[in-house]
Amino acid sequence: MNDAPDAPQLDTPHKRPIWAYVVIGLVAGFLSGLFGIGGGIVIVPLLVLLAHVERKRASGTSLAAIVPAALVGVASYAVGGHVDWLIALILVAGSVIGAQVGAWLLHRLPVGVIRWAFIAFLAVVAVNLFLAVPSREAELALDVWPIIGLVALGFVTGVLSGILGVGGGIVVVPMLILLFGQSDLVAKGTSLAMMIPTALSGTLGNLRRKNVDLVGAGLVGVSACVTTALGAAVALSLDPRTASIVFAAFLAVLIVRLAFEAVQTGRKERAAKRAERAEEPAAD
């Protein structure tokens with residue numbers, strides 16, 4: 001039935017390791033609910049490692065999988081009133097513009113330098129989260145300057161997403177806590193709300209470029225829904241100090257992974273340049 005010789009390998013069901021997609025979804029869903037992140041920072045490398053998906057296709061598949069998980073996560077936080085919809089909307093306005101700028105800058109800026117600057121930024125954030133104790137009674141008054149700051153935060157998040165492919169929650173959650181004095185729970189719920197329109201918009205673009213495995217995204221997304229509410233429940237049960245330390249520890253692990261990838265990418269780029277220089281005399 002599926003033996004047609006021209007059937008694409010990546011979309012053939014018996015070629016897809018279903019167990020890997022389910023495991024990836026369960027892990028990403030829990031982390032998404034716990035930290036208020038989309039989960040793409042986990043989904044993409046695991047799709048490459050466990051399911052052997054090409055990295056660009058993994059990014060598109062991850063973005064589609066984020067949508068159902070984010071919906072469940074938002075619902076879990078919204079039940080307790082831990083989502084600020086207006087702040088999420090302001091952040092989206094900035095990130096949509098920033099993502100376009102980031103995509104434009106992708107081939108015009110030294111991505112390696114930006115990658116290491118982002119790693120350094122995350123290290124500073126992690127240290128501050130170890131020291132900070134968020135207040136869960138805090139409320140952000142939306143005056144002129146906070147609104148400008150939120151638009152700027154959304155814009156920077158979008159630019160980083162366009163250049164490095166990182167998810168918004170990794171930047172938005174700690175910045176809402178550290179810069180805007182927001183409750184850690186509201187920061188996580190609001191971050192998840194912000195991701196839904198962003199992920200939908202990106203997925204539509206990826207579908208036009210045929211850069212999404214919809215079946216794989218469905219497997220990851222549905223599996224993630226199983227554990228997202230559990231992650232949110234754990235976040236709600238933690239005291240602010242413990243939640244902050246756990247998030248900082250997660251960022252520390254992420255920093256190590258990103259630094260390793262940056263070193264590997266740098267080596268490949270230098271090797272490619274050496275190969276190009278070695279071929280130049282032969283071409284003459």
Side-chain angles (χ1 to χ4, degrees), residues 25-43 62-96 129 134-142 146-147 149-151 153-154 157-158 161 167-203 217-218 220-240 242-244 246-247 250:
L26 293 174
V27 173
F30 180 77
L31 294 175
S32 179
L34 180 60
F35 297 124
I37 60 176
I41 202 81
V42 176
I43 295 173
S62 168
L63 202 58
I66 284 169
V67 177
L71 285 169
V72 172
V74 166
S76 301
Y77 280 98
V79 167
H82 300 303
V83 178
D84 192 314
W85 301 102
L86 184 53
I87 289 178
L89 187 61
I90 294 170
L91 290 168
V92 167
S95 69
V96 167
L129 283 174
S135 170
R136 290 190 173 167
E137 285 71 43
E139 291 186 10
L140 178 59
L142 289 178
I147 290 175
L150 288 169
V151 172
L153 174 59
T157 301
S161 176
I170 290 296
V171 178
V172 168
V173 174
M175 289 298 95
L176 285 178
I177 295 171
L178 296 174
L179 292 184
F180 294 90
Q182 190 61 276
S183 156
D184 62 313
L185 296 179
V186 174
K188 293 171 183 177
T190 302
S191 170
L192 288 169
M194 168 199 172
M195 286 172 206
I196 296 170
T198 306
L200 282 171
S201 174
T203 297
V220 174
V222 171
S223 301
C225 290
V226 176
T227 52
T228 301
L230 176 61
V234 172
L236 292 167
S237 69
L238 295 174
D239 64 88
T242 302
S244 187
V246 171
F247 195 10
F250 172 72

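Source: prediction; values computed, not measured.
- The distance from the CG atom of L142 to the CG atom of D84 is 6.5 Å, given to the nearest 0.5 Å.
- Within the structure, salt bridge (charged side-chain N to carboxylate O under 4.0 Å, His left out) contacts touching residues 179-192 (residues at least two apart or in different chains) are R136-D184.
- Under the side chain to side chain contact (heavy atoms under 4.5 Å, CB included) criterion, L179 pairs with M175, not counting sequence neighbours.
- Q182 approaches E139 most closely through the heavy-atom pair OE1-CA, 4.3 Å.
- To the nearest 0.5 angstrom, L176 atom CG is 6.5 Å from T190 atom OG1.
- Side-chain atoms of T203 come within 3.5 Å of backbone atoms of A199 as a donor-acceptor pair (strictly under, hydrogens ignored).
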What's the verdict on side chain to side chain contact (heavy atoms under 4.5 Å, CB included) for F250 and L34, showing C-alpha distance, side-chain angles and the deciding distance?
CA-CA 11 Å; F250 172 72; L34 180 60; over 6 Å; no
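- At distances below 3.5 Å, at least one donor-acceptor pair connects side-chain atoms of S244 with backbone N or O atoms of L129.
- In terms of heavy atoms, A217 sits closest to A65 at O-CB, 3.6 Å.
- Between L71 atom CG and L200 atom CG the span is 7.5 Å, to the nearest 0.5 Å.
- Within the 4.5 Å cutoff, side-chain heavy atoms of I196 are placed close to those of V74.
- Across S32 and L192, no two heavy atoms sit closer than the pair OG-CD2, 3.5 Å.
- Side-chain N or O atoms of S191 include none that pairs as donor or acceptor with a backbone N or O of V172 at under 3.5 Å.
- Rounding to the nearest 0.5 angstrom, the gap separating the CD1 atom in I87 from the CZ atom in F180 is 8.5 Å.
- Residues I90 and I147 come closest through the heavy atom pair CG2-O, 4.0 Å.
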Does the side chain to side chain contact (heavy atoms under 4.5 Å, CB included) test come out yes or no for L63 and I43, once each step is laid out?
CA-CA 9 Å; L63 202 58; I43 295 173; over 6 Å; no
Evaluate side chain to side chain contact (heavy atoms under 4.5 Å, CB included) for V27 paired with T227, printing each intermediate quantity in order.
CA-CA 8 Å; V27 173; T227 52; over 6 Å; no
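- Nearest approach of L236 to S76, heavy atoms of both residues: CD1-O, 4.5 Å.
- When every heavy atom of I177 is checked against every heavy atom of A187, the shortest pair comes out as CG1-CB, 3.9 Å.
- F247 and F35 have parallel rings, their planes meeting at less than 30° on a 0 to 90° scale where 60° marks the start of perpendicular.
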